[in-house]
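No experiment lies behind these values; they were computed from the predicted model shown.
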Amino acid sequence: MILMLLQMLALPICLGFLGLILGALLLFYLFSIYNGLISLKNNIERAWANIDVLLKQRSDLIPNLVETVKGYMKHERGVLEELTRMRSEMLSAQGPVQKAKASEHLTSALKSIFAVAENYPQLRASENFLQLQNQISAIENQIADRREFYNESVLLFNTRIHSIPDTILAGMMGFRDKEYFKATEEEKKNVKVEL
């Protein structure tokens, strides 16, 4: 009788133990999905922060560029004023979308000033101007690289939150698509310099 009672209890105990193991595995799997999504989200935020640092660094170089160019370009005041206005817009922009738009305007203004400088041989030969131009060009290249990394991070995140089974947990946790850093049509155009 005791043996029969033990046999009757063994099956529910085994099933309970198996259920506990399966429940723990499911919980571990859900945690790993969540942690993976958080990691990708943080990677996007870090990538944007890196872009933001470079945008700020580029903005900090603008006053030096303006002062260097002022003496050579007295009658090109409009270009300098536009560059200064774009820098202010860049510094006051909030969030990735506004900062991306302001960055595009600033890039366009920088292209204009470098193109106008072609008409001033003394300016082009100025060591300060060349250093600033090289620094800004280097930062522009770094920004392009960081934009690419940011967009790759966004791609990984957006793909993951739309993949099964991650999409279920992502939807419950409120994860939404992140926006890519895109160039506007104006930024894609060639700079026209009119003197």
Side-chain angles (χ1 to χ4, degrees), residues 1-62 86-108 110 135-188:
M1 172 110 158
I2 294 178
L3 186 59
M4 198 155 124
L5 185 59
L6 286 175
Q7 286 177 340
M8 286 176 45
L9 289 175
L11 183 62
I13 290 173
C14 286
L15 289 177
F17 186 67
L18 183 62
L20 185 63
I21 290 174
L22 289 176
L25 288 174
L26 178 64
L27 192 61
F28 176 76
Y29 181 66
L30 291 175
F31 283 158
S32 69
I33 290 174
Y34 178 77
N35 289 338
L37 292 173
I38 290 296
S39 176
L40 290 172
K41 180 178 166 274
N42 289 341
N43 200 36
I44 290 170
E45 291 171 4
R46 179 184 59 129
W48 176 253
N50 289 339
I51 291 172
D52 204 28
V53 166
L54 289 170
L55 294 175
K56 173 75 170 105
Q57 187 177 1
R58 180 179 64 177
S59 293
D60 290 344
L61 289 173
I62 301 300
M86 290 297 123
R87 177 182 181 264
S88 296
E89 182 183 310
M90 179 71 224
L91 293 175
S92 65
Q94 298 295 316
V97 174
Q98 280 186 346
K99 286 190 180 199
K101 187 175 181 180
S103 171
E104 292 159 8
H105 291 143
L106 186 58
T107 298
S108 179
L110 284 169
Q135 286 177 334
I136 290 172
S137 294
I139 289 174
E140 291 293 331
N141 290 334
Q142 290 175 356
I143 290 170
D145 290 343
R146 296 286 169 27
R147 282 179 175 180
E148 187 177 332
F149 179 74
Y150 174 83
N151 284 341
E152 181 67 25
S153 298
V154 169
L155 174 68
L156 290 172
F157 179 80
N158 289 349
T159 300
R160 181 96 184 258
I161 65 171
H162 292 289
S163 299
I164 296 175
D166 295 8
T167 191
I168 297 165
L169 186 60
M172 291 186 326
M173 300 304 290
F175 290 107
R176 302 287 177 252
D177 282 346
K178 298 290 184 180
E179 192 170 329
Y180 289 98
F181 197 122
K182 299 175 187 173
T184 64
E185 290 304 315
E186 180 164 325
E187 190 178 31
K188 294 176 188 176

TODO: State the CZ-CZ distance between Arg46 and Phe149, to the nearest 0.5 angstrom.
DONE: 4.5 Å
TODO: For Ser59, enumerate each residue passing the side-chain hydrogen bond (donor to acceptor under 3.5 Å, both in side chains) test, keeping only those at least two apart in sequence or located in another chain.
DONE: none
Open item on the list: Around atom CD of Glu179, are there more than 12 heavy atoms from other residues, nucleotides or ligands closer than 6.0 Å?
Closed with: no
Task: Qualifying salt bridge (Lys or Arg N to Asp or Glu O under 4.0 Å) pairs, either residue in residues 136-145, two or more places apart - done: Arg58-Glu140
TODO: Starting at CD of Gln142, measure out to CG of Asn50 and round the result to the nearest 0.5 Å.
DONE: 10.5 Å
Would you mind writing out the side-chain donor-acceptor pairs for residues 30-37 within the sub-3.5 Å range, not counting sequence neighbours?
unit_1	atom_1	unit_2	atom_2	d
Ser32	OG	Tyr29	O	2.7
Asn35	ND2	Phe31	O	3.3

Task: Ile62 and Met86, any side-chain heavy atoms less than 4.5 Å apart - done: no
Task: Carboxylate-amine/guanidinium proximity below 4.0 Å for Asp60 and Lys56 - done: yes
- [ ] Say whether, by atom type as modelled, one donor and one acceptor occur between the side chain of Thr107 and the main chain of Ser103 under 3.5 angstrom.
- [x] yes
Open item on the list: My understanding is that only residues two or more places apart in sequence, or in another chain, count here; which of them pass salt bridge (Lys or Arg N to Asp or Glu O under 4.0 Å) with Lys178?
Closed with: none
Open item on the list: Are there over 12 heavy-atom neighbours, none belonging to Glu45, within less than 6.0 Å of that residue's CD?
Closed with: yes
Open item on the list: Any non-hydrogen side-chain atom of Leu155 less than 4.5 Å from a side-chain atom of Tyr180?
Closed with: yes
Task: Reported CG-to-CD1 distance for the pair Leu61 and Ile139, which is rounded to 0.5 angstrom - done: 4.5 Å
TODO: Please report the closest heavy-atom contact between Arg146 and Leu54, naming both atoms and the distance.
DONE: NH1-CD1, 3.0 Å
TODO: Just grab all the salt bridge (Lys or Arg N to Asp or Glu O under 4.0 Å) pairs involving residues 149-173, residues at least two apart or on different chains.
DONE: Arg160-Asp166
Task: Spatial distance of atom CG (Leu22) from atom CG (Leu18) [nearest 0.5 Å] - done: 4.5 Å
- [ ] List the atom of His162, the atom of Asp177, and the distance in Å for their closest heavy-atom pair.
- [x] NE2-OD1, 2.6 Å
Task: From Phe181 atom CZ to Asn151 atom CG, the distance as rounded to the nearest 0.5 Å - done: 8.0 Å
Open item on the list: So, taking the atom named CG in Leu156 and the one named NZ in Lys41, what distance separates them when rounded to the nearest 0.5 Å?
Closed with: 16.0 Å
- [ ] Assess whether side chain to side chain contact (heavy atoms under 4.5 Å, CB included) is satisfied between Ile143 and Tyr150, documenting all intermediate values.
- [x] CA-CA 10 Å; Ile143 290 170; Tyr150 174 83; over 6 Å; no
Side-chain atoms of residues 91-98: list all donor-acceptor pairs with protein atoms under 3.5 Å, sequence neighbours left out, distances to 0.1 Å.
unit_1	atom_1	unit_2	atom_2	d
Ser92	OG	Ser88	O	3.1
Ser92	OG	Glu89	O	3.3
Gln98	OE1	Gln94	N	2.7

